Amino acid sequence: MSELLYNSTRGGETGCTASQAVLKGLAKDGGLFMPDRIPAFDFALSALKDASYQEVAYRVMRLLLTDYTEEELRACIRGAYDEKFDTPEIAPLTFADDAYYLELFHGKTIAFKDMALSILPYLMTTAAKKNGVTNKIEILTATSGDTGKAAMAGFADVPGTGIVVFYPKGGVSRFQELQMLTQKGDNTAVVSIEGNFDDAQTAVKQIFGDRAFEAELAAKRVQLSSANSINIGRLVPQIVYYVHAYLELLKEEKIAEGESINVCVPTGNFGNILAAYFAKRMGLPIDKLICASNDNKVLFDFFETGVYDKNREFILTTSPSMDILVSSNLERLLYLSAGCDATKTRELMEALKTSGKYAVTEEMRKATRDFVGGYATQEEVAARIRSLYEKTGYVIDTHTAVASKVYEDYRKKSGDKTPTVIASTASPFKFSRAVMEAIAGDVSKLDDFAVLELLRDKAGVPFPPAVEEIRHAEIRHNRSCKPAEMESMVRSILFE
Ligand SMILES: *Cc1c(COP(=O)(O)O)cnc(C)c1O
């Protein structure tokens with residue numbers, strides 16, 4: 001297999017191997033790493049119908065992570081997708097009301113971030129070994145609630161690594177916050193910031209771009225990397241479950257060989273849906289990619305008008321992991337739709353930085369025609385959770401409900417009956433208060449655990465281990481700072 005190399009979307013760094021790109025996370029010029037071509041599947045889908053999740057993962061990931069040996073990659077996959085997941089299927093499909101819900105929440109922290117963050121630490125430590133890196137690798141991560149916990153769960157006590165997580169105070173659910181604050185591991189740190197997710201993400205990117213800080217760390221044998229979806233090591237493992245879902249539908253004879261499906265993805269940072277787009281470009285028969293937003297509908301407006309404009313109110317919603325106005329991974333789609341033109345991509349990103357908006361060309365818009373935008377308000381999300389529950393007994397979380405509502409609208413409006421997979425990105429237990437309010441009305445008098453119990457009884461499914469964990473765990477973190485203080489916070493965590 002010929003080697004694939006990675007280049008920055010902004011042109012300032014080129015020719016990195018996959019493992020180097022994983023180690024770096026973000027390119028030096030602030031761009032995101034992209035492969036120099038998108039490889040096609042070198043297998044027939046029908047031939048993999050009976051393959052395990054792990055086997056599909058290997059067959060897909062090897063095409064993009066070309067400098068990992070078979071032995072290395074298989075070891076990473078084995079370590080990641082094991083009994084940490086509460087089902088051997090890893091990512092099962094559930095059919096309810098005209099759609100297949102691809103449940104991506106069966107990992108340790110009961111959100112879809114586990115799908116990639118279970119394997120990222122393995123990919124990263126393997127990459128360090130391959131490249132002779134002996135520095136400590138410190139992961140800096142901004143989180144809208146789910147990445148932080150999933151990344152810490154993956155990196156906790158991994159030798160040679162450390163992790164610092166920044167989350168927006170008041171911008172995550174209580175369950176998400178407790179999951180983070182109770183995280184074990186001597187190499188983990190959690191910091192709440194006075195600001196929203198975009199503030200946290202921007203400040204983290206700034207720290208990555210600070211060459212003086214980089215030199216200061218290097219002198220102490222530390223180098224930074226990212227566990228956010230800007231890291232190619234997040235994107236690649238996320239392609240796998242779309243392929244696996246398609247194979248499952250094929251195996252169950254829900255679709256015929258070669259038949260197209262649609263996917264509908266509740267979107268924030270544009271990482272999950274971008275992975276579906278990669279799957280399509282690699283040869284998976286996907287027709288429409290339905291991009292579902294909550295009230296922060298900057299992506300919906302973008303697909304409608306070709307103008308990306310973040311100058312608007314940041315709205316805190318019941319789907320906090322999608323409360324984002326700067327969707328980092330869109331940069332990768334821009335780059336592709338501009339024909340891999342790094343100069344054009346850099347121009348757009350500079351416009352975003354200076355004026356908070358940019359407009360793409362007609363040609364670029366044409367290149368993204370496979371995407372359909374939609375959005376759902378919080379009221380619509382609550383109504384959708386209830387209607388799906390009343391119709392089928394199936395309980396979905398608030399993020400998944402954004403996609404479910406957007407898909408319902410899309411199907412009505414377009415008449416498109418293509419079999420559709422909805423990415424189900426979190427367990428309802430993680431957002432139990434909003435979910436129960438939607439189903440049972442006012443639950444403000446009940447304490448957190450009573451709400452969880454009520455949900456368990458309504459949904460008829462047992463508590464995932466993550467719920468039991470949160471009940472008994474002690475709080476271990478209490479740091480807090482302003483976005484402008486994040487760099488000095490990292491310094492004090494590392495060296496004091
Ligand atoms: C992160 C997250 C999303 C958004 O995914 P992106 O890849 O950022 O678009 C949606 N739902 C949940 C539950 C999440 O944790």
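Ligands are counted one by one from 1 in listed order, and the atoms in each one are counted from 1 as well. Computed from a predicted structure; not experimentally measured.
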- [ ] Only pairs at least two apart or in different chains count here, so list each side chain to side chain donor-acceptor pair (under 3.5 Å) that has a residue in residues 447-468.
- [x] Arg433-Asp448
Check: every ligand 1 N/O to protein N/O pair under 3.5 Å:
| unit_1 | atom_1 | unit_2 | atom_2 | d |
| --- | --- | --- | --- | --- |
| ligand 1 | 7 (O) | Gly271 | N | 3.2 |
| ligand 1 | 7 (O) | Asn272 | N | 2.8 |
| ligand 1 | 8 (O) | Asn269 | N | 2.8 |
| ligand 1 | 9 (O) | Gly268 | N | 2.8 |
| ligand 1 | 9 (O) | Asn269 | N | 3.2 |
| ligand 1 | 9 (O) | Phe270 | N | 3.1 |
| ligand 1 | 11 (N) | Thr425 | OG1 | 2.8 |
| ligand 1 | 15 (O) | Lys113 | NZ | 2.6 |
| ligand 1 | 15 (O) | Asp146 | OD2 | 2.5 |

Open item on the list: Please confirm whether the ring centroid of Phe85 lies under 6.0 Å from the ring centroid of His106.
Closed with: no
Open item on the list: I want to know whether Tyr277 and Phe371 have ring centres closer than 6.0 Å.
Closed with: yes
Task: For Ala423, all residues meeting side-chain contact (heavy atoms from CB on, under 4.5 Å), sequence neighbours excluded - done: Leu104, Tyr242, Val265, Pro266, Asn272, Thr425
Task: Contacts of type salt bridge (charged side-chain N to carboxylate O under 4.0 Å, His left out), residue Asp82, not counting sequence neighbours - done: Lys84
Open item on the list: Aromatic contact between Tyr394 and Tyr101, with the criterion being ring centroids under 6.0 Å apart: yes or no?
Closed with: yes
